[in-house]
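Here the structure comes first, spelled out in structure tokens, and everything after it is commentary.
This one's a predicted model, so the numbers in the text were calculated from it and none came from an experiment. All chains are named by letter (A, B, ...) in the order of the sequence lines, taking the proteins before the strands, and each is independently numbered beginning at 1.
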Amino acid sequence: MFLKPNTPLAADIVGVEHINGLFSYALVLTRNRSEAEDLVQETYVRAIGAMGRLRPESNVKIWLFTILRNIWLNQLRQRRTAPQIVEMDVEGINVGIGTKTSDDDPYALYVSTLERNQVREAIDQLPADFREIILLREYEELSYQEIAAILDCPTGTVMSRLARARAKLRALLSAAWQTAVQSGKEVIE
Amino acid sequence: MNGHDEHRVNILLYLDNELRGQELEYLLAHLDNCADCRRLLEEERALSNLLHRTRPLYTAPEPLRARIAAAAGPPAAFGDKPKRKHEHLLRFGWRNAQCSGVRWMTLAAMIIVVVLGLTLVPTVVRHAEAATFIDTAVTTHRAYQENQVPLEIRSFAGKVPFQFRLPSSQSSPVGHPAYALSGARLVKFKNENAALVTYQMKAETISLLIASDESAVAAGGDEIRSGNLTFHYNTRAGLNVITWSTHGITYALVSSIHGSAQHSCLVCHQNMADQNVFK
């Protein structure tokens with residue numbers, strides 16, 4: 001989304017269009033619900049404060065994601081330690097999903113939810129730089145150039161890191177899937 | 001780096017429609033002659049499809065959404081100065097110490113209280129009612145498992161304030177039913193008759209508590225919307241509970257099946273015609 005003159009700017013920024021993506025990104029970075037909420041909150045505070053400096057041609061989505069990441073990196077620096085390993089606090093998170101399926105089959109929807117949980121668990125096992133690149137590319141659909149802008153790295157690095165992240169994620173999901181199928185067969189038999 | 005690694009990045013670029021010109025032609029020619037890379041392409045495509053099906057990865061909690069929406073205030077035109085009051089409002093809602101003026105603190109506090117009150121109170125009430133229904137479903141499920149609730153009827157016609165129809169079993173192509181109706185009985189929920197239906201599989205029990213949506217609410221948990229239906233997934237003490245409301249009836253499906261979604265559903269559906277729904 002690009003800003004245009006006379007656009008209702010505050011509504012563009014805080015109109016929650018990107019809040020799910022920002023919250024997901026924050027959760028992927030922090031792996032902690034309250035820290036993620038704090039990070040998103042601070043992102044909007046900074047964004048509103050900087051609205052006057054935003055150029056008309058700016059991409060608001062990239063801008064917001066970059067702000068969030070910079071805040072996170074600053075917080076890490078202030079702690080003067082390596083990123084802490086925090087148990088991911090996913091229980092109790094409102095995970096209203098909004099996914100639509102082709103029918104109203106509750107079993108298919110049940111599968112969809114648990115499939116999502118399986119994907120989340122697999123992503124959670126990835127290193128931080130893999131988690132964020134998967135989120136930015138596969139969930140936020142950002143181009144390699146846009147991701148490179150957020151991560152402040154060359155596009156080639158984005159490509160190679162994404163390839164490695166996907167390979168690792170595929171391996172994790174394959175293992176989880178094999179386990180599920182195997183245990184399912186045991187129950188049936 | 002082996003030959004496939006060399007092509008891995010280009011395969012991803014191809015999937016993302018970011019490969020152009022000679023590189024695209026080269027990859028397509030290579031795919032024609034390399035079964036390993038074709039398999040890699042399909043695996044990557046399957047992964048992409050899976051990830052896209054699970055969007056969004058997380059949804060922002062309502063209180064956070066409400067705080068930010070409250071801070072948005074009236075639209076501002078491009079080029080306006082930074083909205084300090086919005087900053088104060090957001091910061092106040094999050095960290096009281098960062099508000100500098102007592103007047104703004106009071107105003108911000110009032111706005112937040114009103115907005116959060118209007119937003120959260122109905123939600124909290126609904127979630128409390130939904131939790132009651134889930135608790136009843138879980139308690140009833142356990143009572144049945146411990147043989148404290150005998151199953152005594154097979155028809156609810158005229159006995160409950162709603163009408164419904166359920167399959168008694170679903171046959172598999174190999175000849176025997178994957179699960180079967182094991183019984184049913186009336187139970188009380190908020191002074192109304194509700195229906196308890198149980199299904200038995202080889203190793204697992206599933207119970208379905210059915211009540212009028214005037215007494216039972218489906219809310220909270222992981223939510224999935226599909227058309228006019230919303231399904232709510234919860235876990236209570238090792239039991240999986242899915243609730244939903246439709247046509248004036250609220251359902252709570254309780255099972256103790258362990259493992260993934262595919263596993264849970266394939267227990268019943270593995271040998272059936274609709275198995276592809278779960279794969």
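Using a distance-only test at 3.5 Å, with no hydrogens or angles considered, no donor-acceptor pair links the side chain of Arg8(B) to the main chain of Ala163(A). Not a single donor-acceptor pair under 3.5 Å links the side chain of Asn20(A) to the backbone N or O of Thr59(B).
With a threshold of 4.5 angstrom between heavy atoms, Asn234(B) does not approach chain A through any atom at all. Using a 4.5 Å cut-off between heavy atoms, Tyr25(A) makes no contact with chain B at all. Within the 4.5 angstrom heavy-atom criterion, only side-chain atoms of Gln145(A), from C-beta onward, approach chain B.
Leu12(B) is not listed as a side-chain neighbour of Met159(A), based on a closest heavy-atom distance of 4.5 Å or more. With contacts defined as side-chain heavy-atom distances shorter than 4.5 Å, the pair Leu15(B)/Arg166(A) qualifies. Inter-residue side-chain proximity for Pro61(B) and Phe23(A) is flagged as met; some heavy-atom pair is nearer than 4.5 Å. Side chains of Leu64(B) and Arg33(A) form no contact here, defined as non-hydrogen atoms less than 4.5 Å apart.
One finds the CG atom of Leu57(B) at 5.0 Å from the OH atom of Tyr139(A) (value rounded to the nearest 0.5 Å). The line from CG of Leu135(A) to OH of Tyr58(B) is 9.5 Å long, rounded to the nearest 0.5 Å. Note: Thr43(A) OG1 to Ile68(B) CD1 = 8.5 Å, rounded to the nearest 0.5 Å.
Contact check on Arg170(A) versus Glu44(B) returns a salt bridge, with a Lys/Arg side-chain nitrogen under 4.0 Å from an Asp/Glu carboxylate oxygen. A salt bridge is absent between Arg55(B) and Glu140(A): the closest approach of a Lys/Arg side-chain nitrogen to an acidic carboxylate oxygen does not fall below 4.0 angstrom.
In summary, the side chains of Tyr233(B) and Asn117(A) do not present any donor paired with an acceptor at a separation below 3.5 Å, with no hydrogens or angles considered.
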Next item on the list: Just do the side chain to side chain donor-acceptor pair (under 3.5 Å) check on Arg120(A) and Thr54(B) with the steps written out, would you?
Entry: CA-CA 9 Å; Arg120(A) 286 176 181 167; Thr54(B) 57; over 6 Å; no
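The environment of CZ in Phe130(A) is crowded: more than 12 heavy-atom neighbours from other residues, nucleotides or ligands sit within 6.0 Å. No more than 12 heavy atoms of other residues, nucleotides or ligands lie within 6.0 Å of CG in Asp152(A), so this atom counts as exposed by the packing criterion.
Among Leu47(B), Leu50(B), Leu51(B), the one residue that satisfies the side-chain contact (heavy atoms from CB on, under 4.5 Å) test with Glu138(A) is Leu51(B).
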